[in-house]
Participant: 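Shown below is the structure under consideration.
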Amino acid sequence: MRKTLKIPGIDQCPVDDIVSIEGKGNYTTIFLKNGETILMAKTLKKFESQLRLGTFLRIHKSYLVNKVNVIGHDLEDTKTVKTILQHSLPVSRRKLDLVRGQLS
């Protein structure tokens, strides 16, 4: 399990400081606890392979979330996960059972 991740502008970012990662094609946006966002030219799949043994969970085609930074979820009605940054991230139908098992 990785403890740090190399991110441009931040030499070694602790994995626990990453709240969520959003993928958009060949780019990803990393959301950090301090409110910073970092855009990287790397696919979400690359991040998933680096972080798969840690506390990260793929909740949607476009989202990876750090389970440590999830403060709540509504998997029945809105099918969303709420992070400490007050972002509501969608959970896909295919990932719903996995997310229920991991977060409940």
Side-chain angles (χ1 to χ4, degrees):
M1 185 171 85
R2 294 184 74 129
K3 297 282 184 199
T4 61
L5 198 61
K6 189 169 172 112
I7 296 176
I10 303 171
D11 243 356
Q12 294 294 323
C13 177
V15 171
D16 290 339
D17 286 353
I18 299 172
V19 176
S20 62
I21 303 173
E22 179 182 5
K24 293 179 184 174
N26 289 330
Y27 293 90
T28 53
T29 305
I30 300 170
F31 295 92
L32 300 175
K33 274 185 182 178
N34 62 7
E36 269 186 76
T37 58
I38 300 168
L39 182 67
M40 290 187 69
K42 202 179 213 184
T43 64
L44 191 60
K45 188 172 185 148
K46 295 230 186 212
F47 280 107
E48 185 179 21
S49 67
Q50 287 180 338
L51 301 168
R52 73 174 167 254
L53 298 175
T55 58
F56 281 83
L57 180 62
R58 184 81 176 251
I59 61 170
H60 189 274
K61 175 177 81 168
S62 303
Y63 292 98
L64 266 175
V65 68
N66 191 342
K67 293 186 284 188
V68 174
N69 296 318
V70 170
I71 58 170
H73 53 78
D74 179 8
L75 302 176
E76 299 306 319
D77 296 329
T78 59
K79 294 174 182 58
T80 57
V81 169
K82 191 167 202 142
T83 67
I84 60 171
L85 296 175
Q86 301 303 318
H87 296 157
S88 289
L89 307 177
V91 178
S92 70
R93 286 176 292 165
R94 291 178 185 228
K95 303 282 186 183
L96 199 54
D97 289 335
L98 173 72
V99 173
R100 271 194 189 110
Q102 294 282 324
L103 295 181
S104 296

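The figures here come from the full heavy-atom set of this structure, side chains too, leaving out hydrogens, waters and symmetry mates. One is the number of the first residue; the rest follow in order along the sequence.
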Participant: Could you give the distance from CG (N69) to CD1 (I84), rounded to the nearest 0.5 Å?
Facilitator: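 These two atoms lie 4.0 Å from each other.
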Participant: Could you state whether I71 and V81 fall into the same hydrophobic cluster, counting links through intermediate Ile, Leu, Val, Met, Phe, Trp or Tyr residues with side-chain heavy atoms under 4.5 angstrom apart?
Facilitator: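 Each belongs to a different hydrophobic cluster.
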Participant: Kindly give the heavy-atom pair with the smallest separation between G25 and T43, and that separation in Å.
Facilitator: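 Closest heavy-atom pair between G25 and T43: O-CG2, 4.2 Å.
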Participant: Would a 4.5 Å heavy-atom cut-off, applied to side chains only, mark N34 and D17 as touching?
Facilitator: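 A side-chain contact is absent here, since even the closest heavy-atom pair is not under 4.5 Å.
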Participant: So which atom in L89 and which in T83 form the shortest heavy-atom distance, rounded to 0.1 Å?
Facilitator: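 Minimum heavy-atom separation between L89 and T83: CD1-CG2, 3.9 Å.
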Participant: Are V15 and L57 connected, step by step, through hydrophobic side chains (Ile, Leu, Val, Met, Phe, Trp, Tyr) whose heavy atoms are closer than 4.5 Å?
Facilitator: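 Shared cluster, no.
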Participant: Could you report the tightest heavy-atom contact between C13 and I18, atom names first, then the distance?
Facilitator: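 Smallest heavy-atom distance, with atoms named: SG-CG1, 4.1 Å.
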Participant: Which pairs count as ring-ring contact (aromatic ring centres under 6.0 Å, His included) when at least one residue sits in residues 17-53, sequence neighbours excluded?
Facilitator: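 Counting only pairs at least two positions apart or across chains, the ring-ring contact (aromatic ring centres under 6.0 Å, His included) contacts touching residues 17-53 are F31-H87.
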Participant: Ignoring hydrogens and geometry beyond distance, is a side-chain donor-acceptor pair present between T55 and N66 at under 3.5 Å?
Facilitator: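 Looking only at side-chain atoms, N66 and T55 do form a donor-acceptor pair, the distance falling under 3.5 Å.
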Participant: Could you go through the side-chain contact (heavy atoms from CB on, under 4.5 Å) check for H73 and V99 one step at a time?
Facilitator: CA-CA 10 Å; H73 53 78; V99 173; over 6 Å; no
Participant: P90: which residues meet the side chain to side chain contact (heavy atoms under 4.5 Å, CB included) condition with it, sequence neighbours left out?
Facilitator: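 Only H60, Y63 meet the side chain to side chain contact (heavy atoms under 4.5 Å, CB included) criterion with P90.
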Participant: Can you check side-chain contact (heavy atoms from CB on, under 4.5 Å) on K42 and Q50, steps first, answer last?
Facilitator: CA-CA 12 Å; K42 202 179 213 184; Q50 287 180 338; 3.4 Å; yes
Participant: Should V68 and V19 be regarded as members of a common hydrophobic cluster, given that ILVMFWY residues are connected when their side-chain heavy atoms come within less than 4.5 Å of each other, either directly or indirectly?
Facilitator: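 Per the 4.5 Å side-chain linkage, V68 and V19 are not co-clustered.
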Participant: For the hydrophobic clusters of this structure (ILVMFWY residues joined by side-chain heavy atoms under 4.5 Å, transitively), does one cluster hold both L51 and I38?
Facilitator: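 Yes, L51 and I38 fall within the same hydrophobic cluster.
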Participant: Is the CG atom of N26 crowded by more than 12 outside heavy atoms at less than 6.0 Å?
Facilitator: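 Open.
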Participant: Can you name the closest pair of heavy atoms from V65 and V70 and give their distance?
Facilitator: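 Residues V65 and V70, closest heavy atoms: CG2-CG2, 3.8 Å.
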Participant: Nearest 0.5 Å, what's the OG1-CD distance between T28 and E48?
Facilitator: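 These two atoms lie 12.5 Å from each other.
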Participant: Any chance NZ of K67 has more than 12 other-residue heavy atoms, nucleotides or ligands included, within less than 6.0 Å?
Facilitator: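 Enclosed.
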Participant: Apply side-chain contact (heavy atoms from CB on, under 4.5 Å) to the pair L44 and R58, showing each step before the final yes or no.
Facilitator: CA-CA 10 Å; L44 191 60; R58 184 81 176 251; 3.7 Å; yes
Participant: Enter the distance from E22:CD to I30:CD1 here, rounded to the nearest 0.5 Å.
Facilitator: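 So the gap between those two atoms works out to 11.5 Å.
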Participant: Give the intermediate values and the outcome of side-chain contact (heavy atoms from CB on, under 4.5 Å) for residues K95 and K79.
Facilitator: CA-CA 10 Å; K95 303 282 186 183; K79 294 174 182 58; over 6 Å; no
Participant: Just verifying a value: how many Å separate T37 OG1 and I21 CD1, rounded to the nearest 0.5 Å?
Facilitator: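 Rounded to the nearest 0.5 Å, the OG1-CD1 separation comes out at 13.0 Å.
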